[in-house]
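Okay, structure first, notes after.
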Amino acid sequence: MELILIFFSAAIVNNFVLAYFLGICPFIGVSNKITSAFSMGLATTFVMTITAIVTWLIYHLILVPFHLEFLEYVSFILVIASLVQFVEMFIKKVSQPLYRALGIFLPLITTNCAILGLALFIVLREYTFLQGIFFGVGAGAGFTLAITIMAGIREELDLADVPKAFQGAPITLIVAGILALAFMGFSGLISV
Amino acid sequence: MKNKVTIIKEYTKGIWQSNPVFKQILGMCPTLAVTVSAINGIAMALATTFVLVFSSFIISSVRKLIPTQVRIASYIVVIATFVTIVDLVMKAQFPELSKSLGPYIPLIVVNCIILGRQEAFSSKNTPLRSVVDALGMGSGFLIALFMLGSIRELLGSRTILGFQLLPDFYEPWLVMILPAGAFLTLGLMLAFFNNLSLHKKKSDNDKLIAKYLKTKTAADFVIEENK
């Protein structure tokens, strides 16, 4: 039950993008089309889940026993960067269609702060292994949800008559603000 | 050609012409997340500038030794090292501030401004220029975060840097210190700056057209005289 709460808390109530401002760069950059936004969301969820597992293992099995907690950031970011590289090569070998769908988005994920943020939150909140995995999947689902909704709105926005000064980033941010307001409706639903 | 750009220009471009937040739309995550109050914004910007200046210095010093294939990974290791230093110093010296910034200090590692400057500038320029460029970008970031933080703090809790500026009968807009307020404020600010540059562009164009028209009549006049 607690695991399900963590999942929904990360996905909806404390959405990574709209409540913690993590992963804003792809959220603004790759939200032009629903299809590419959804692929980006899937790729991110995939990497997030693996990151949650691997960084938890590294932190609790290597850094803590050897009292190397100060290497947390260096080791996490290196792990994430090599993980993304590895996932890219793996997908390329195993499934060509999936690679074509996710391919260009994978390198971008390394610098997505949502991934490092996830690893840091898992350490900060002292989640257990299983909780960490659910948190990772939930955060990924929340990211996918937010970026897909955003892309849907922006596709409609193409047809709207936006004032010249607001075109591009400003109107995207304002839409994101309204979306964040809408997601505030969920606040207080779960307190985890 | 590169030498024509003066050191001063290298500094000032970060403040306005290519301000990391307003013009390049980089480093959005910390910009939006920590600007609940002006002091948080300043602390974040100073921490980022510290990391930016020192990693620019180190990376531009060893830029010829780093193989191109592994440059991103090398940059990230250098950046992460300085972020760890900042984080440990802040935890020891300013525990309150460190607590309120939470995980956003470690997240400086993946701040696109820092990696972007290493890739675009430090990897091609001398240490002196890179440091000046980093200081400029840092100042631009500081200005942006301070403005955003002040507006949100003023409207959201009546104060700037803890000093009450709005009277008591003003009802604070709670939305300003919530996530939605960050998006809305930054969106409006970007639109405002876009509008400024659009106006400037337009007046520049008008001047050019006026000048062109003048020379044309002058040229016509000259031609007529020749006839």
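In what follows, chains are A, B, ... by sequence order, proteins preceding strands, each numbered from 1.
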Out of [options], which one racks up the most heavy-atom pairs below 4.5 Å with chain A?
| options | value |
| --- | --- |
| B:Pro106, B:Cys112, B:Pro103, B:Ala182 | B:Pro106 |
| B:Leu26, B:Val109, B:Ile79, B:Thr185 | B:Val109 |
| B:Val77, B:Thr84, B:Asn195 | B:Thr84 |

How close do [X] and [Y] get, counting heavy atoms only, and between which atoms?
| X | Y | value |
| --- | --- | --- |
| B:Ala180 | A:Gly177 | CB-O, 3.5 Å |
| A:Leu173 | B:Gly187 | CB-CA, 3.8 Å |
| A:Ile174 | B:Leu184 | O-CD2, 3.7 Å |
| B:Ala80 | A:Val74 | CB-CG2, 3.7 Å |

Notebook entry, point to check: What distance separates B:Leu198 CG from A:Lys164 NZ, expressed to the nearest 0.5 Å?
Noted result: 6.0 Å

Which answer fits [X], side chain, backbone, both or neither, if we ask what part of it has an atom under 4.5 Å from a heavy atom of chain B?
| X | answer |
| --- | --- |
| A:Gln167 | backbone |
| A:Ala176 | both |
| A:Leu78 | side chain |

Check: Going by heavy atoms in the side chains, are B:Tyr104 and A:Tyr20 under 4.5 Å from each other?
Finding: yes

Notebook entry, point to check: Aromatic ring centroids of A:Phe21 and B:Phe183 under 6.0 Å?
Noted result: yes

Next item on the list: Could you have a look at A:Leu116, A:Leu124, A:Val175, A:Leu22 and say which one has the most heavy-atom pairs with chain B under 4.5 angstrom?
Entry: A:Leu116

Margin query: Heavy-atom pairs under 4.5 Å with chain B: which of A:Ala19, A:Cys113, A:Ala165, A:Ala180 has the most?
Written below: A:Ala165

Note to self: Set out, in order, the CA-CA distance, both residues' side-chain angles and the distance that settles side chain to side chain contact (heavy atoms under 4.5 Å, CB included) for B:Asp87 and A:Tyr73, then state yes or no.
What the structure shows: CA-CA 10 Å; B:Asp87 188 49; A:Tyr73 311 148; 2.4 Å; yes

